[in-house]
**Q** 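Sharing a structure, written as structure tokens. Questions coming.
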Amino acid sequence: MTDISADPWRQFIESGRALRLEVDRLQVTATLKRNTRYLLVTGGICVVVLGVLVALLATGIGRAVTYVLLAILLAVMLGNVGLGLISRRRVLKTLAVEDGFIEVDATGVRLAGVPPLTWGQTLGVVVSDNRATMDQGNGLGRRLRKVTYGTGGSLNSVVIGLGDMRSVRAAASGPRVASLDLGMHDHGAVVLNLDVALEREQCDQVREALRAATALNGVPFRFTSDNGTVAQATLEMGRGDRLTVA
């Protein structure tokens, strides 16, 4: 199934079939190994910088500017460790999923650990894809983006707005890779990072299956590469409003 154009996917969904994808365990296992190396390196740098800082303070041979620079470096590296741990938690949760990662059909969406989400309760669907940013620019910034992405970061996600998030949250159980964000009152959004668990082509398949299924059910759908648009749409649905499609 490599053709992701609109008409074949509409026919696919209309026929009653479902797109069902499982976790790409080889990809996720490789990501976990890179994450482990990343944490070991950044953690080791933190230990070294802290040791140097303590030694300078104890001997009093350093200058004020040296202490400030070392403290800033330590803070930055600790922040990187924190981000690495957040990504590691996401990767480990993905590996814990034994059943299907995502399933999309004419009735709704099923996600690991989340009760079935019907189109009737859905306020809108936003798919964001920022993977093109990986090839932009050069130098240190580009390398850092690649490291962050390769250790569990996500640039391709799905946001599903729901009118009754509280009941969904109450019924959720087992290994769950999607976050259930409660908005104002009982509304909120289900957020799923696709590219942590799936290959690039599979992520595209999910996007087109969602586009076709939402169109058949009159649910607003938006595809964007702008994080500001995603945030605005999430807040909009978090208020209990249907997604506004520009």
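Residues take their numbers from the sequence shown, with the count starting at 1.
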**Q** When clusters are formed by joining ILVMFWY residues with side-chain heavy atoms under 4.5 Å apart, either directly or through shared neighbours, do Leu70 and Val65 land in the same one?
**A** no

**Q** Is Arg242 reaching over with its side chain to a backbone N or O of Gly124, donor-acceptor style, under 3.5 angstrom?
**A**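 Side chain of Arg242 to backbone of Gly124, a donor-acceptor pair under 3.5 Å: no, none is there.
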
**Q** Under a plain distance cut-off of 3.5 Å, with no hydrogens placed, do Thr31 and Arg34 share a side-chain donor-acceptor pair?
**A** yes

**Q** Regarding Asp105 and Arg110, does a basic nitrogen lie under 4.0 Å from an acidic carboxylate oxygen?
**A** yes

**Q** To the nearest 0.5 Å, what is the distance between CD on Glu199 and CG on Leu194?
**A** 13.0 Å

**Q** Is the side chain of Asn217 donor-acceptor paired with the backbone N or O of Thr107 at a distance under 3.5 Å, no angle test?
**A** no

**Q** Where the side chain of Arg88 meets the backbone of Asn35, is there a donor-acceptor pair that is under 3.5 Å apart?
**A** no

**Q** Indicate whether any N or O donor in one side chain lies under 3.5 Å from an N or O acceptor in the other, for Ser157 and Ser128.
**A** yes

**Q** Without swapping roles, check the side chain of Asn193 against the backbone of Ser154 for a donor-acceptor pair under 3.5 Å.
**A** no

**Q** Does Thr151 use its side chain to pair, donor to acceptor, with the backbone of Thr148 at less than 3.5 Å?
**A** yes

**Q** I'd like to know if the side chain of Asp241 reaches the main chain of Met237, judged simply by a donor and an acceptor atom lying under 3.5 Å from each other, with no hydrogens or angles considered.
**A**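 Not confirmed, Asp241 side chain does not pair with Met237 backbone.
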
**Q** Tell me whether Ser167 contacts the main-chain N or O of Asp164 through its side chain, where contact means a donor paired with an acceptor under 3.5 Å.
**A**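 Judged by distance alone, yes, a pair lies under 3.5 Å.
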
**Q** Using distance alone, with no hydrogens and no angle criterion, decide if Arg131 and Ser225 have a side-chain donor and acceptor under 3.5 Å apart.
**A** no

**Q** Sub-3.5 Å donor-acceptor pair from the side chain of Gln202 to the main-chain atoms of Leu21, do we have one?
**A**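 Flag not set: sc Gln202 to bb Leu21 has no pair under 3.5 Å.
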
**Q** Could you walk me through whether Ile61 and Leu56 pass the side chain to side chain contact (heavy atoms under 4.5 Å, CB included) test, one step at a time?
**A** CA-CA 6 Å; Ile61 61 175; Leu56 291 177; 3.6 Å; yes

**Q** Between Asp24 and Arg200, does at least one N-O distance fall below 4.0 Å, as a salt bridge requires?
**A** no

